[in-house]
Amino acid sequence: MTTAFDTKIAVLLREDLEPWQRLNVTAFLVSGLGTQLPEVVGEPYEDADGTAYLPMFRQPVLVFEGGKDVLTAAHTRALSRVLPSAVFTADLFSTGNDADNRAAVRAVPTAGLDLVGLAVYGPRNAVDKTLKGARMHP
């Protein structure tokens with residue numbers, strides 16, 4: 001059974017990231033959506049033996065990539081559309097904890113953020129327009 005969703009969860013990664021960075025950035029970005037937007041999280045899982053597992057997103061997470069200019073434009077569009085979003089900057093690769101991560105982002109004006117990843121959630125059409133110019137991650 002395939003379900004069409006009116007909303008979309010999308011991650012946009014800068015195309016020059018190493019494979020380990022892509023995975024790390026994606027995991028960090030989507031964690032913000034699940035904590036602040038309860039509607040994106042489904043029900044807990046349970047296997048046939050009754051072992052309980054944590055709930056996950058109720059819909060797919062689509063992963064895209066693009067150059068720095070695509071990421072910057074998508075970030076600007078996400079802000080103008082007031083879409084819930086999470087950012088990951090290049091500075092976060094050199095920090096080691098949450099407090100330092102937040103301080104690194106706080107230290108840079110919006111237009112100066114060296115973005116390597118962006119997660120957005122919202123109406124499917126708005127997210128599609130926000131990610132204009134990005135391509136599906138291979």
Of all heavy-atom pairs between L83 and T130, which one has the smallest distance, and what is that distance?
-> CD1-OG1, 3.3 Å
Would you call R135 and E15 a salt bridge, using N to O less than 4.0 angstrom?
-> yes
Run the salt-bridge test on R102 and D98 with the 4.0 Å N-O cut-off and return the result as yes or no.
-> yes
Of all heavy-atom pairs between L13 and V63, which one has the smallest distance, and what is that distance?
-> CD1-CG1, 3.8 Å
Between R124 and T7, is there a donor-acceptor pair closer than 3.5 Å when you use the side chain of the first and the backbone of the second?
-> no
Any luck finding a side-chain donor-acceptor pair between D100 and N97 under 3.5 Å?
-> yes
Kindly write out the residues that satisfy side-chain contact (heavy atoms from CB on, under 4.5 Å) with E46, not counting sequence neighbours, or none if the list is empty.
-> none
SB check D114 R14 (cutoff 4.0 Å) | yes
Salt bridge (charged side-chain N to carboxylate O under 4.0 Å, His left out) contacts in which one or both residues fall within residues 31-41, not counting sequence neighbours = none
Might you work through the side-chain contact (heavy atoms from CB on, under 4.5 Å) test for F57 and V30, ending with a clear yes or no?
-> CA-CA 9 Å; F57 290 133; V30 298; 3.7 Å; yes
Please work out whether the ring planes of F88 and F93 are parallel, tilted or perpendicular, with thresholds of 30° and 60°.
-> tilted
Residues at least two apart in sequence or cross-chain that pass ring pair (Phe, Tyr, Trp, His ring centres under 6.0 Å) with F64, listed by chain then number, are none
